[in-house]
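Here is the structure we will look at, set down as structure tokens.
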Amino acid sequence: MHGRKATVTFEEATEAYLAAGGSDRFLIKISKTGKMSGIAAHFRGKFLKDLGQSDLDAAARILFPSASPETRNRQCYTPFIAVWNHAVASQWAEPRQWKRPRKPKGTNVAVLKRPRAGSKPTSYERAAQFVSAMSPASAQIMTALFYTGMRPIEIFTLDASDVNIAGRWITLDRSKTGEPRGVPMHEFLVPLFEALIKRGGILFRTHKGVPYPPTDEFGGQMSSAIEGARARLKKRGIVIDDISAYTARHTVSTQLVINDVHPYKKDQILGHAADDMSRHYTHVPQQPLIDAINTLPVPAAWQVMHWWEDPVYWSRRLVKWGASGAQVTSRQA
């Protein structure tokens, strides 16, 4: 073996794959401190010519030790093979038939699994009950999600300059699909956005006042807030363990259908559909979509949450559960 096939590393092949438009999910993740992790980091310094099936199998076991065969296939084998095939197309590697993980024999019996939190919609009344048990910063994020249908990763990077209060419109220059799009703003969100825009910069931040790292692993970053709300409700005899950040998007989609919103309008709101007009005029508010999002119901319990009086001030405070109910700690420095 000679030429580029002898000198290209997996990390170089990954960079070329990403430059060609490939997804970086599970391949590369950068922490706030700049540390890189993921499949590319695992194979750092390894030449493509030296990698074999045993190396891929070992990587899956190390990176995803408790994952099911299906999860390892999706999160390790699929992105690795995508990079490899791109390298083959570039004549940097030899074509190979990679073996993917399979279920062990005897596991074809159907097993009833507990539904994953966030995989189904809920009612707005139930969502309000859950969000009311969260600390203000997390509650504000969940509120925005339930009344825009945005993806969590889009909320992470939302900047004050992206929001047009007067037009009731949010512009996303780079959505998860790579398509710029506009998002209608529910009237209920106007006071929240007005307050956050005055602060400027990234709108939604942790209780410490710092932005969330812009990754798809939103569940991990919100996990403590979600678990905290579940625990507080459980102490009151209320069990809600199926709501997460992703529940909001499913709920918006379902509620718009219930409200008889045209499927194409629903898809435009959620970013599932885009035409030449919407691509070229993402900054222009579309009244039909604003009218559609405003059909989402606003329970009274959501309207009376204490943090509405001053969203920025309350976003720096945490909820502490006491014997008499939810209490708020001192403001974070």
Quick one, D24 with K29, criterion side-chain contact (heavy atoms from CB on, under 4.5 Å). Give me CA distance, side-chain angles, the key distance, then yes/no.
CA-CA 8 Å; D24 65 353; K29 183 177 180 181; over 6 Å; no
Criterion side-chain contact (heavy atoms from CB on, under 4.5 Å) on I165 and V190, from CA distance to verdict
CA-CA 7 Å; I165 292 288; V190 171; 4.2 Å; yes
Stepwise side-chain contact (heavy atoms from CB on, under 4.5 Å) check, L18 with I28
CA-CA 10 Å; L18 298 180; I28 295 178; 3.8 Å; yes
Would you check, one step at a time, whether the test side-chain contact (heavy atoms from CB on, under 4.5 Å) holds for M142 with I243?
CA-CA 10 Å; M142 293 289 278; I243 290 181; 4.1 Å; yes
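Side-chain contact check for L56 versus C76: some heavy-atom pair is nearer than 4.5 Å. Proximity of P288 to K265: side-chain heavy atoms (C-beta onward) are separated by under 4.5 Å at one or more points. Here the side chains of L172 and L158 are in contact, with some heavy-atom distance below 4.5 Å. Residues T143 and W307 are in side-chain contact: their nearest non-hydrogen atoms beyond the backbone lie under 4.5 Å apart. Residues K46 and D55 fail the side-chain proximity criterion, which asks for heavy atoms closer than 4.5 Å. In this structure, F10 and L48 have side chains that are in contact, with non-hydrogen atoms separated by less than 4.5 Å. Annotation: side chain of R317 is not in contact with side chain of H306 (no heavy-atom distance under 4.5 Å). Using a 4.5 Å cut-off on side-chain heavy atoms (C-beta onward), Q255 and P121 make no contact.
Under the 4.5 Å side-chain heavy-atom criterion for ILVMFWY residues, a single connected hydrophobic cluster contains both W98 and V88. Cluster annotation: I153 is connected to L145 through the hydrophobic network of ILVMFWY side chains, with a link wherever side-chain heavy atoms come within less than 4.5 Å. Under the 4.5 Å side-chain heavy-atom criterion for ILVMFWY residues, no single connected hydrophobic cluster contains both Y246 and V257. Hydrophobic clustering (ILVMFWY, side-chain heavy atoms < 4.5 Å, transitive): V8 and F47 are in distinct clusters.
Rounded to the nearest 0.5 angstrom, I170 CD1 and M185 CE are separated by 4.5 Å. Separating the CZ atom in F156 from the CD1 atom in I141 is a distance of 6.5 Å, to the nearest 0.5 Å. Atom CG in L196 sits 11.5 Å away from atom CD1 in I202 (nearest 0.5 Å). Note that NZ of K234 is 8.5 Å distant from CG of D241, once rounded to the nearest 0.5 Å. Once rounded to the nearest 0.5 Å, the distance linking CD1 of I155 with CE of M150 reads 4.0 Å. In this structure, F80 CZ and H42 NE2 are separated by 9.5 Å, a value rounded to the nearest 0.5 Å.
Closest heavy-atom contact between K5 and K49: O-CB, 3.7 Å. Scanning all heavy atoms of the two residues, the minimum distance from G52 to R96 falls at CA-NH1, 3.6 Å. The two atoms that bring L296 and N259 nearest to each other are N-ND2, 4.0 Å, heavy atoms only. Across V312 and S315, no two heavy atoms sit closer than the pair O-OG, 2.6 Å. Here the closest non-hydrogen pair linking P79 and R25 is CB-O, 4.2 Å. When all heavy atoms are compared, the tightest approach of L270 to G149 is CD2-O, 3.7 Å.
Side chain of R232 to main chain of F130: no donor-acceptor pair is present (N/O by atom type, distance under 3.5 Å, no hydrogens or angles). With hydrogens and angles ignored, the 3.5 Å screen pairs no side-chain donor or acceptor of T254 with any backbone N or O of T251. Of the possible polar contacts, none joining the S90 side chain to the W92 backbone as a donor-acceptor pair under 3.5 Å is found. The backbone N or O of A137 sits nowhere less than 3.5 Å from a side-chain atom of R316 that would complete a donor-acceptor pair. Side-chain atoms of T78 come within 3.5 Å of backbone N or O of N73 as a donor-acceptor pair. Remark: the backbone N or O of D159 is paired with a side-chain donor or acceptor of D162 at under 3.5 angstrom. With hydrogens and angles ignored, the 3.5 Å screen pairs a side-chain donor or acceptor of N294 with a backbone N or O of E187. Without hydrogens or angle criteria, Q140 side chain to P311 main chain gives a donor-acceptor distance under 3.5 Å. The closest donor-acceptor contact from the side chain of S253 to the backbone of H250 lies at 3.5 Å or more, if one exists at all.
Take R249 and apply the side chain to side chain donor-acceptor pair (under 3.5 Å) test, not counting sequence neighbours, and it matches H272. Scanning for side chain to side chain contact (heavy atoms under 4.5 Å, CB included) contacts around E15 gives E11, with sequence neighbours left out.
Ion pairing between D242 and R126 holds under the 4.0 Å rule for side-chain N and carboxylate O.
For residues 132-155, the set of pairs meeting the ring pair (Phe, Tyr, Trp, His ring centres under 6.0 Å) definition, not counting sequence neighbours, comprises Y124-F146, Y124-Y147, F146-W302, Y147-H186, Y147-F188, Y147-W302.
Residues S138 and S135 have side chains that never bring a donor and an acceptor to within less than 3.5 angstrom of each other. For the 3.5 Å distance criterion, the side chains of D57 and Y77 qualify, holding a donor opposite an acceptor.
Within a 6.0 Å radius of CD in Q287, more than 12 heavy atoms belonging to other residues, nucleotides or ligands are found.
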